[in-house]
Amino acid sequence: MTEQDGKHEEGSPWWRLSSERQDLLALALVFLIPVALLTKIFTSDFGTHIAIGREIVRTLSVADKEFLNYPSLGMPQSNPVWLFQAVLYLVHSAGGEYAVSFLVWALTAGICLLIHRATVIRGANPLLAFLAILAFSGFLRIRIQPRPEIFTYFFISLTIYLLTEYYFGRRRRLIYLFPPLMVVWANSHPSYLIAFLLCGAFFLDALIRSAWRKEFSPDLLKGWVVPPLVTVAAGLLLCGLNPAGYEMILAPIHAIARGGGGASGPDPVMMSISELTPVKGTGFFIYYKAAALFVLVSLLLGIPGRRIYLLDLFLFAISFKGAWDSARAVSMMGLFLSPGISLHMTGFLERVREWSRERERRMAAPLEKRSGKGKGAGKRARQGREKEIAPPPGARPAAVSRQGPRHAVAAAMVLACLAFGVTTLSFSFSQLEYGIGVTEHKFSFGAAEFLRKNPVKGNMFNFFDIGGFLDWQLYPAALTFLDGRTYNSKVFMEHQQVTGAMPGWEEILRRYGVTYIVTKAMDSSGMVLPLVPALSSDPKWSLVYADGLFLVFVRNTPENAEYIRRHEVPKMVLPQHIIREAYHYMYLGISPIVAYQTMSNMYEMLGDRQAAIGSLRKALEFVDDPFLRSRLMRLEQGVGGASRPPGHP
């Protein structure tokens, strides 16, 4: 693919770049990857982190008790991500949501650059390293949000780079950055156990390589064994300098155990709302299987390329084991997989070049033998080697023709990486909205402004997926029922009972003194929350706000009579609200089939048969479903649609 002599050969094809130009081109391309990964902020946790960060900066202290959710007020609550929250709040204060998007982009760019540099140090072709990172960029985009994990991804990349420089590069003193890195990591996210696993993988690989080469001299061992052991020991000591002390070092294992379930079975909270569950059976499993197939092909290339290293097998094991136990870890698989894959492809390509040269030598041998027969053969052979014979007109230069197989293999690798990367990226684009700032399809700043200007006395009940947004927008004037942290299992299960309109839901609201409800009309699967039709048909609750994103209901009591008189909205607008919300949800990864079915149901309720037919036709553009087609035919014939699915008003 390239000549590594740093010079462009005279007469070689324009696309055969020198090593310096390869590095520059690869660097420019790696910088472009984060641009493709930009995602609008859609996580409600973003609001919770800003609200807590605001309190940290205001009080210059880290609260150890709950202060945002009123059912859990005063409950002990450790905060292992306080440093991330403080940084996030300061960035947001300086430049708003766009500054937060830039922070996320900068961290993503750092991740890609560090992994790329570490891979090239180990001997990978820089362009192939870029392609391997690109191939797994769709995985990373799953979690490119202003969450504490984005710091974790950056710290993992930085750790891999520091260890690579020490064991394979020249700037070995960078290893002494590891202890301060542990202090920052331990106060940003409780996942720093990964750093020590990486240290163990690199150290064990170096130890085995030294044993294989019989390089166990005392001076040599002292040179590369002592510094990493000292820095790891210092990092282990310093990581306890956080509000939770050393308790959080095993937090990833505890979280996985909580999601996977122990003797008592899986935690219902984790199973309901979190990706901290085993990957099998989740929407991330398709990514996991695709990664396994890609790695299998890579290993098959690495065998003849003689580039399968123990270190990469360790990294592969960490990646697949972590993602198998926790679906959330799928997003960072590329950080562990792309270095080994790059080396496999580089080795295979070099092996193909060797095969091509050997083939040329075998083909040239009979010609030299024939040209050397007879008297004066030696002299003629020497003259033939010294004198270049001009090729006939139109003939391709031998140097170029020899590269044919290598170019074909290189092209196949490029196409495979591009196809894999484009496929995973396009899949993520169908799930996550591209852009910067906060998405306009999930959060209602209008509803927050309405509640700030027109506060309701009493306690609020809110849908958990907007709790963080309400933390950010309404605290301290109003406290939420719960948010995305959902650490209080009792409160979460009561939330599920209320939003599902299960027996006893009204009693729960009375017990907590709830006087108003702020909710979405639909859940994250695209189904209408049963609570909405229950409130719609209950005269004890009045609708006071609906904008296609949020609904606000107020309890109909004498104390609230004047408030309701001034702000009441007819409940007959609910079908139109749900139609608008279903449209918004399609930008958040909800199946268009589900969304258009919901729209069709609502149009039927409004008596707009033509709009209901149009919505079903749009659903059929995505899938030719017999039920949908039958329902469409009934509507077109004027018979009426099928019965509404459970949960629809």
Asker: Pairs in or reaching into residues 96-109: which pass side chain to side chain donor-acceptor pair (under 3.5 Å), with residues at least two apart or in two chains?
Answerer: H92-E97
Asker: Measuring from atom CG of L616 to atom CD1 of I593, what distance do you get when rounded to the nearest 0.5 angstrom?
Answerer: 12.0 Å
Asker: For atom OH of Y70, is the number of surrounding heavy atoms from other residues, nucleotides or ligands below 6.0 Å larger than 12?
Answerer: yes
Asker: For I613 and E636, run side chain to side chain contact (heavy atoms under 4.5 Å, CB included): C-alpha distance rounded to whole Å, both residues' side-chain angles, the deciding distance at 0.1 Å, then the answer.
Answerer: CA-CA 7 Å; I613 290 172; E636 290 175 334; 4.0 Å; yes
Asker: Nearest 0.5 Å please: distance from the OG atom of S428 over to the OH atom of Y434.
Answerer: 11.0 Å
Asker: Does any N or O in the side chain of R141 come within less than 3.5 Å of the main-chain N or O of L38, such that one atom is a donor and the other an acceptor?
Answerer: yes
Asker: Would you list the pairs meeting ring-ring contact (aromatic ring centres under 6.0 Å, His included) in which at least one residue belongs to residues 515-545, sequence neighbours left out?
Answerer: F450-Y545
Asker: I'd like to know whether K520 forms a side chain to side chain contact (heavy atoms under 4.5 Å, CB included) with V532, so could you lay out the CA-CA distance, the side-chain angles of the two residues, the decisive distance to 0.1 Å, and finally the verdict.
Answerer: CA-CA 9 Å; K520 302 284 285 183; V532 173; over 6 Å; no
Asker: Any chance you could lay out the side chain to side chain contact (heavy atoms under 4.5 Å, CB included) test for V544 and V569, step after step, and finish with the verdict?
Answerer: CA-CA 5 Å; V544 297; V569 177; 5.5 Å; no
Asker: If we ignore angles and hydrogens, is there a donor and acceptor under 3.5 Å between the side chains of T439 and H441?
Answerer: no
Asker: Testing F463, W505, F481 one by one against H495 for a ring pair (Phe, Tyr, Trp, His ring centres under 6.0 Å), which residue passes?
Answerer: F463
Asker: Could you check R452 against E449 for salt bridge (charged side-chain N to carboxylate O under 4.0 Å, His left out), going step by step and ending with a plain yes or no?
Answerer: CA-CA 5 Å; R452 281 195 297 269; E449 181 67 17; 2.6 Å; yes
Asker: Check H49 against L88 and note the closest heavy-atom contact, atom names and distance.
Answerer: CB-CD2, 3.6 Å
Asker: Below 6.0 angstrom between ring centroids: does that apply to F42 and Y587?
Answerer: no
Asker: Looking at I286, I'd like to know if its CD1 atom is crowded, meaning that more than 12 non-hydrogen atoms belonging to other residues, nucleotides or ligands lie closer than 6.0 Å.
Answerer: no
Asker: Between the side chain of Y563 and the main-chain N/O of K457, is any donor-acceptor distance below 3.5 Å?
Answerer: no
Asker: Compare all side-chain heavy atoms of R328 with those of E149 and state whether any distance is below 4.5 angstrom.
Answerer: yes
Asker: Minimum heavy-atom separation for A546 to V573, with atom names?
Answerer: CB-CG2, 4.4 Å
Asker: Could you check whether any side-chain heavy atom of L140 comes within less than 4.5 Å of a side-chain heavy atom of Y153, counting everything from C-beta outward?
Answerer: yes
Asker: Please tell me if the side chains of L549 and H584 come closer than 4.5 Å, counting only heavy atoms from C-beta onward.
Answerer: yes
Asker: Strictly distance-based, threshold 3.5 Å: is any side-chain N or O of N187 a donor or acceptor partner for the main-chain N or O of V183?
Answerer: yes
Asker: Would you confirm whether T39, through its side chain, and L37, through its main-chain N or O, come within 3.5 Å as a donor-acceptor pair?
Answerer: yes
Asker: Would the distance check show the side chain of E581 and the main-chain N or O of M522 forming a donor-acceptor pair, the cut-off being under 3.5 Å?
Answerer: yes
Asker: How about Y585 and S524: does a side-chain donor come under 3.5 Å of a side-chain acceptor?
Answerer: no
Asker: Strictly distance-based, threshold 3.5 Å: is any side-chain N or O of S630 a donor or acceptor partner for the main-chain N or O of F627?
Answerer: no
Asker: Taking K453 for its side chain and A448 for its backbone only, find out whether a donor-acceptor pair lies under 3.5 Å.
Answerer: no
Asker: Return the minimal non-hydrogen interatomic distance between K442 and F550, and the atom names on each side.
Answerer: O-CE1, 3.4 Å
Asker: Give the minimum heavy-atom separation between D45 and G484, together with the two atoms involved.
Answerer: OD1-CA, 3.5 Å
Asker: So do the side chains of Y475 and R54 get within less than 4.5 Å of each other, counting heavy atoms only?
Answerer: yes
Asker: Looking at A323, is its backbone amide N or carbonyl O close enough to the side chain of S326 to form a donor-acceptor pair, meaning the two atoms are under 3.5 Å apart?
Answerer: no
Asker: Check whether the side chains of E66 and N488 place a donor and an acceptor atom closer than 3.5 Å, and report yes or no.
Answerer: no
Asker: Does D483 use its side chain to pair, donor to acceptor, with the backbone of F464 at less than 3.5 Å?
Answerer: no
Asker: Any side-chain heavy-atom pair from V81 and P190 closer than 4.5 angstrom?
Answerer: yes
Asker: Where do N242 and Y192 come nearest, in terms of heavy atoms and distance?
Answerer: ND2-OH, 3.9 Å
Asker: Taking atom CZ of F429 as the centre, does the number of heavy atoms from other residues, nucleotides or ligands within less than 6.0 Å exceed 12?
Answerer: yes
Asker: About how many Å separate OG1 of T499 and CG of D523, when rounded to the nearest 0.5 Å?
Answerer: 8.5 Å
Asker: With side chain to side chain contact (heavy atoms under 4.5 Å, CB included) as the test, would you mind laying out the steps for F46 and Q145 before giving the verdict?
Answerer: CA-CA 8 Å; F46 164 69; Q145 286 287 294; over 6 Å; no
Asker: If you round to the nearest 0.5 Å, how far is CZ of R555 from CG of N459?
Answerer: 11.0 Å
Asker: Verify whether one side chain among E494 and Y512 offers a donor that lies under 3.5 Å from an acceptor in the other.
Answerer: yes
Asker: Could you give the distance from CZ (R485) to CG (L68), rounded to the nearest 0.5 Å?
Answerer: 5.0 Å
Asker: Pairing donors with acceptors under 3.5 angstrom, does anything connect the side chains of T480 and N69?
Answerer: yes
Asker: Quick one: which of I144, I436, V91 gives a side-chain contact (heavy atoms from CB on, under 4.5 Å) with V104?
Answerer: I144
Asker: If the threshold is 4.0 Å, N to carboxylate O, is there a salt bridge linking E562 and R565?
Answerer: yes
Asker: Tell me the closest heavy-atom pair linking P243 and N79, and the distance in Å.
Answerer: CG-O, 4.1 Å
Asker: Do D64 and P76 touch side chain to side chain, with heavy atoms closer than 4.5 Å?
Answerer: no
Asker: Checking side-chain polar atoms at under 3.5 Å, does T557 have a donor or acceptor matched by the opposite partner on N560?
Answerer: yes
Asker: Examine the side chains of S44 and D465 and answer whether a donor and an acceptor come within less than 3.5 Å of each other.
Answerer: no
Asker: With side-chain hydrogen bond (donor to acceptor under 3.5 Å, both in side chains) as the test, would you mind laying out the steps for S331 and Y287 before giving the verdict?
Answerer: CA-CA 9 Å; S331 59; Y287 286 92; over 6 Å; no
Asker: Could you check whether any side-chain heavy atom of M460 comes within less than 4.5 Å of a side-chain heavy atom of L479, counting everything from C-beta outward?
Answerer: no
Asker: Answer yes or no: is there a donor N or O on one side and an acceptor on the other, between the side chain of R580 and the main chain of D547, under 3.5 Å?
Answerer: yes
Asker: For the atom pair CD1 (I52) and CD (Q85), what is the distance rounded to the nearest 0.5 Å?
Answerer: 4.5 Å
Asker: Taking the side chain as every heavy atom from C-beta outward, state whether E440 and E433 have any atom pair closer than 4.5 Å.
Answerer: yes
Asker: Between Y288 and W324, does a ring-ring contact (aromatic ring centres under 6.0 Å, His included) hold up when you go through it step by step?
Answerer: CA-CA 8 Å; Y288 188 89; W324 180 261; 5.7 Å; yes
Asker: Could R609 and E604 be called an ion pair, given the rule that one side-chain N must be under 4.0 Å from one carboxylate O?
Answerer: no
